[in-house]
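Structure, as structure tokens:
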Amino acid sequence: MQYKRIALVTGANQGVGFQVSKELVANGFTVLLGARNLQRGEAASKEIGPGAVPLQLDVTDRVSIATAAERIHKDFGRLDLLVNNAAISNTRKGSLSLQEYKKITLPSNVSLDEVRAVWETNVFGVLAVYQAMLPLVRESSDARIVNVSSGVGSLTTNADPAYSHRAFYSPVYPASKAALNATTLAMMIELEPAGIKVNLVSPGFTKTNLNVI
Ligand SMILES: NC(=O)c1ccc[n+]([C@@H]2O[C@H](COP(=O)([O-])OP(=O)(O)OC[C@H]3O[C@@H](n4cnc5c(N)ncnc54)[C@H](OP(=O)(O)O)[C@@H]3O)[C@@H](O)[C@H]2O)c1
């Protein structure tokens with residue numbers, strides 16, 4: 001029987017995560033489509049077809065993460081690829097223009113609730129999923145972890161006055177991705193001795209629901 005690689009993609013029911021899942025399935029993976037809303041995960045899996053398996057997974061919910069890890073353990077016993085893709089850019093969906101949102105997310109006036117909500121998903125969510133899934137990743141003979149970041153979180157790029165998006169660097173989404181980058185480096189260092197590569201990727205600007213303020 002052919003060896004099927006097992007992948008988990010968080011936030012896989014739409015956008016970049018959906019497309020990544022589709023391409024992984026086309027490349028022979030069995031892909032667990034993590035979705036905080038199981039029905040959306042089921043619909044996305046159905047659209048992709050055989051090889052796509054819906055999995056309820058809210059990266060901000062400890063019970064959901066633990067239940068997902070338990071199910072993967074029971075059904076597959078390992079994870080060959082973990083893609084930490086789920087993220088949010090703000091909590092205001094559809095209520096403000098980009099310029100208006102920028103005005104209320106300066107370090108001097110940003111709501112700490114807004115910062116916490118975004119960091120909860122983009123930083124703590126990734127770390128929580130990493131911790132829960134790592135024992136399964138260690139069971140693979142050829143494991144990889146991919147954390148989906150963003151160019152707007154690069155400290156080097158934003159330190160350059162010529163960078164076009166610099167005016168939008170804020171403690172909310174951009175700084176959450178900077179914190180994710182920093183946390184990923186710690187994961188890379190931790191897993192170096194085990195030969196497990198942890199990669200950071202940025203898909204570049206893509207028209208998805210993430211870019212709705
Ligand atoms: N689009 C871009 O231009 C761009 C650029 C650079 C980097 N990125 C990165 O690419 C990744 C994917 O973004 P996208 O553009 O595909 O965004 P998207 O279309 O908004 O998709 C985000 C996905 O994350 C899920 N999600 C949000 N909160 C979650 C939670 N608590 N638990 C589990 N899933 C959750 C969403 O679920 P629901 O459907 O339930 O909301 C959705 O499936 C993100 O890490 C983003 O930062 C995107």
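For the single chain, residues carry numbers from 1 onward in sequence order. Order of appearance sets the numbers: ligands from 1, and atoms from 1 within every ligand.
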key: atom 21 (O) of ligand 1: the protein heavy-atom neighbour that sits closest, reported with distance to 0.1 Å   = Q14 CG, 3.8 Å
query = Considering residues, nucleotides and ligands other than E190, do more than 12 of their heavy atoms fall under 6.0 Å from its CD?
reply = yes
request  = Identify, for atom 37 (O) of ligand 1, the protein heavy atom at the shortest distance, and state residue, atom and that distance.
outcome  = R36 NE, 3.6 Å
remark   = for atom 25 (C) of ligand 1, nearest protein heavy atom and its distance come out as G11 CA, 3.6 Å
request  = Return the residue, atom name and 0.1 Å-rounded distance of the protein heavy atom closest to atom 31 (N) of ligand 1.
outcome  = D58 OD1, 3.0 Å
inquiry  = With the threshold set at under 4.0 angstrom, would you say Y173 reaches ligand 1 through any of its heavy atoms?
reply    = yes
note = Ranked by distance from atom 32 (N) of ligand 1, the top protein heavy atom is V59 N, 3.0 Å
key: I88 N/O to ligand 1 N/O under 3.5 Å   = no
message = Is the contact between L210 and ligand 1 made by the side chain, the backbone, both, or neither, using heavy atoms and a 4.0 Å cut-off?
response = both
ask   = Judging by distance only, is a nitrogen or oxygen of P203 under 3.5 angstrom from one on ligand 1?
value = no
request  = Look only at interatomic distance and state if R40 has a nitrogen or oxygen under 3.5 Å from any nitrogen or oxygen of ligand 1.
outcome  = yes
key: V9 vs F18 side-chain heavy atoms within contact, under 4.5 Å   = no
request  = Taking all heavy atoms of S45 and all of V53, pick out the closest pair and write down the distance.
outcome  = OG-C, 3.7 Å
inquiry  = Would G125 count as a contact residue for ligand 1, given that I'm defining contact as a non-hydrogen atom of the residue lying under 4.0 Å from a ligand atom?
reply    = no
message = Using only atom types and a distance under 3.5 Å, with no angle test, would you say the side chain of E100 pairs donor to acceptor with the backbone of S97?
response = yes
task = Would you check whether G204 reaches within less than 4.0 Å of ligand 1, judged by its heavy atoms?
result = yes
request  = With rounding to the nearest 0.5 Å, note down the distance linking CD in Q56 to OG in S64.
outcome  = 3.5 Å
remark   = Checking N199, N181, T184, N84 against S149 for side chain to side chain donor-acceptor pair (under 3.5 Å), the one that qualifies is N181
task = Give the single entry among S89, S202, S176, A86 that approaches atom 35 (C) of ligand 1 most closely by any heavy atom.
result = A86
message = Quick check on contacts: which atoms of ligand 1 are under 4.0 angstrom from a heavy atom of L57?
response = 32 (N), 33 (C)
note = Correct closest heavy-atom pair for R138 and L191 would be NH2-CD2, 3.6 Å
query = Nearest 0.5 Å, what's the OG-CG distance between S21 and L32?
reply = 9.5 Å
query = Of all the heavy atoms in K207, does at least one lie under 4.0 Å from an atom in ligand 1?
reply = no
inquiry  = So, taking the atom named CZ in R78 and the one named CZ in R5, what distance separates them when rounded to the nearest 0.5 Å?
reply    = 8.5 Å
inquiry  = Taking atom CZ as the centre, does R166 end up with more than 12 heavy-atom neighbours from other residues, nucleotides or ligands that are less than 6.0 angstrom away?
reply    = yes
query = Would you find a donor on one side and an acceptor on the other, under 3.5 Å apart, between the side chain of T10 and the backbone of A86?
reply = yes
key: S149, portion touching ligand 1 at heavy-atom distance under 4.0 Å   = backbone
ask   = For atom 43 (O) of ligand 1, what's the nearest protein heavy atom and its distance?
value = N13 OD1, 3.0 Å
query = For atom 11 (C) of ligand 1, which candidate among N85, V16, V152 provides the closest heavy atom?
reply = N85
ask   = Side chain, backbone, both or neither: which part of N37 comes within less than 4.0 Å of ligand 1 when only heavy atoms are counted?
value = neither
task = Considering heavy atoms of the protein only, find what lies nearest to atom 3 (O) of ligand 1 and give residue, atom and distance to 0.1 Å.
result = T206 N, 2.7 Å
request  = Examine ligand 1 and decide if any of its atoms is less than 4.0 Å from a heavy atom belonging to N211.
outcome  = yes
inquiry  = Do Y169 and V152 have side chains that approach each other closer than 4.5 Å (heavy atoms only, starting at C-beta)?
reply    = no
query = Cluster question for you: counting only ILVMFWY and a side-chain heavy-atom cut-off of under 4.5 Å, with indirect links fine, are V16 and V25 together?
reply = yes
query = With hydrophobic residues grouped by side-chain heavy-atom distances under 4.5 Å, do F29 and L136 end up in a single group?
reply = no
query = Given the rule that I, L, V, M, F, W and Y join up when any side-chain heavy atoms are under 4.5 Å apart, are M188 and L180 in one cluster?
reply = yes
query = Can you list the atoms of ligand 1 that are under 4.0 Å from a heavy atom of N209?
reply = 19 (O), 20 (O)
note = Looking only at protein heavy atoms, what sits closest to atom 22 (C) of ligand 1 is A87 O, 3.8 Å
query = Can you check whether T208 has an N/O within less than 3.5 Å of an N/O in ligand 1?
reply = yes
request  = Would you mind running through ligand 1 and noting each atom that sits below 4.0 Å from a heavy atom of F205?
outcome  = 3 (O)
request  = Please could you name the atoms of ligand 1 that V148 approaches to less than 4.0 Å, counting only its heavy atoms?
outcome  = 9 (C), 10 (O), 11 (C), 45 (O)
